[in-house]
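Chain letters run A, B, ... following the sequence lines, proteins first and then strands; every chain starts at 1. Everything quoted here is computed from the prediction, not taken from an experiment.
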Amino acid sequence: MGNLKIKELDSIGYVDNRLKSIVINTIAKHFKHHTNEDIISILIHIRDNPDTYVNDAIKSKIALAFISEKHDLPANEYQLMQTLTPIKIYGADEIEDAAKQQMALALSLPISIQGALMPDAHSGYGLPIGGVLATRNAVIPYGVGMDIGCRMTLTIIDADEKFLNRYDHQIKKVLFSDTHFGMEGGLAVAQYHEVLDDSRFKATPLLKKLHGKAIKQLGTSGSGNHFVEFGMIKLADNNTLGLPGNSYMALLSHSGSRGLGANIARHYTQVAMDTCKLPRQAQPLAWLNLDTEAGQEYWLSMNLAGDYARACHDRIHANLLKTLGLKALHKTENHHNFAWREKLADGAEAIIHRKGATPAHEGELGIIPGSMATPAYLVAGKGNTDSLNSASHGAGRAMSRQEAKASMTGSALKKTLAAAGVTLIGGSMEENPSAYKNIEAVMAAQTNLVSIQGKFMPRIVRMNNE
DNA sequence: ATGTCC
């Protein structure tokens with residue numbers, strides 16, 4: 001740093017030793033060719049306007065340290081920022097205020113860079129469902145969610161509607177015998193997938209402990225809105241899959257990482273909340289710095305849970321197709337509860353949290369389901385950077401689970417299903433189609449984010465009982 | 001979402 005003296009730092013208010021060492025390191029790394037005069041004027045500007053630098057790739061470290069020093073906070077305590085972090089909201093009219101407020105709170109974290117709210121958004125714990133958040137070198141366990149790697153898999157099958165109609169009875173039987181939903185019991189046939197041999201299961205005491213549970217639950221589905229269903233998909237002409245724009249039988253599944261991911265999420269949320277202190281209302285958004293051991297452990301564990309969730313879908317699809325003697329033509333899959341290291345529009349690297357959001361980079365295929373009696377859409381991303389390359393993960397809840405239960409009777413649901421030509425095996429009132437927003441309206445709110453490649457209509461749906 | 005506090 002040329003001949004800038006420590007005394008000069010003192011004279012401009014950089015007195016704290018931690019602050020000084022960050023400044024010295026930053027200067028040595030990034031401001032080698034600046035004059036002392038320039039450096040001092042930059043430091044004074046950061047000192048007087050720290051909030052405006054919290055998103056700066058280089059100067060944010062100084063700004064954050066300065067803010068924490070100024071407020072006389074310990075190194076692990078943080079204040080919320082007043083600066084407005086960029087946010088784009090899609091389908092704002094249909095999104096409840098509580099979800100927007102949660103997103104605004106998330107954007108006031110000093111680690112937040114950019115955010116987006118998808119048209120199916122509703123309030124969740126910490127980050128709203130349908131929330132996308134870019135942060136700098138930190139991961140928020142509640143920004144990923146409790147079901148790490150909750151995801152979709154669609155297999156387009158080499159069969160037409162005649163097969164679905166002719167083998168209706170067998171399909172129902174297999175959807176009952178070859179899937180497992182809920183917490184008790186498991187599949188009749190022992191499952192294997194190479195993910196079970198993954199060495200990451202030996203990386204931490206927690207993962208070692210969870211390995212047995214992962215073995216038992218491989219190939220099972222969860223509860224709530226999780227499903228496995230057969231239906232028909234009509235592909236668009238000139239779709240990007242390279243398949244003729246015909247109608248095909250298809251298998252669609254929605255589930256996550258079961259007990260493995262839930263335990264990882266619970267454990268590291270606690271670690272984050274113990275080690276990253278925030279104002280009370282923001283505490284669920286506590287993060288793990290990715291340079292710390294806990295941050296790296298979570299990152300490894302989250303990725304393993306994601307791979308495990310994928311393996312569960314792989315087993316489900318392989319089991320059902322094998323029993324029914326069917327052949328896959330094409331497979332589409334995507335996580336919608338996960339975090340990725342990605343580049344932002346300006347080239348800066350960020351951690352992108354998608355909590356109930358579909359990755360939608362240019363050309364990337366994904367699946368956006370409606371409900372048990374409404375279409376799911378096979379989409380290709382448009383790479384819209386305002387949405388952080390994301391789209392909705394479904395139609396989104398219009399009613400709480402309680403409201404949904406209270407507003408629907410068994411006979412009314414039967415009528416809805418019959419009108420849609422859907423057979424439901426298991427399922428609950430909480431998942432009734434009217435508890436969800438209109439999927440067509442949600443799709444209309446994100447035409448700048450994805451293009452529709454195919455429309456899937458469920459025919460035989462398996463969900464958890466109750 | 002989750003053997004819903006091993």
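Within 4.0 Å of A:Asn337, counting heavy atoms only, lies no atom of the nucleic acid at all.
Classified by interplanar angle (parallel below 30°, tilted 30° to 60°, perpendicular above 60°), the ring pair A:Tyr78/A:Trp287 is tilted. The aromatic rings of A:Phe338 and A:His335 are tilted relative to each other, their planes meeting at an angle between 30° and 60°.
The aromatic ring centroids of A:His193 and A:His313 lie 6.0 Å or more from each other.
In terms of position along DNA chain B, the nucleotide closest to A:His254 lies nearer the 5' end than the nucleotide closest to the other residue of the pair A:His254 and A:Met183.
In the region residues 209-222 of chain A, proximity to DNA chain B at under 4.0 angstrom, judged on heavy atoms, holds for A:Gln217, A:Gly222.
In the 5' to 3' direction, nucleotides of DNA chain B lying under 4.0 Å from heavy atoms of chain A begin and end at B:dA1 to B:dC6.
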### Message
Show, in sequence, the C-alpha distance, side-chain angles and deciding distance for A:Glu349 and A:Arg341, and conclude whether the salt bridge (Lys or Arg N to Asp or Glu O under 4.0 Å) test is met.
### Response
CA-CA 7 Å; A:Glu349 198 172 75; A:Arg341 203 182 280 278; 3.4 Å; yes
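By the 6.0 Å contact criterion, NZ on A:Lys405 is open, its count of non-hydrogen atoms from other residues, nucleotides or ligands being 12 or less. By the neighbour-count criterion of 12 heavy atoms within 6.0 Å, atom NZ of A:Lys382 is densely surrounded, having more than that number from other residues, nucleotides or ligands.
With A:Tyr298 as reference, A:Val144 is the one residue of A:Leu290, A:Val144, A:Val271 to meet the side chain to side chain contact (heavy atoms under 4.5 Å, CB included) rule.
Within the cation-pi definition used here (under 6.0 Å to the ring centroid, within 45° of the axis), A:Arg462 does not qualify as a partner of A:Phe227.
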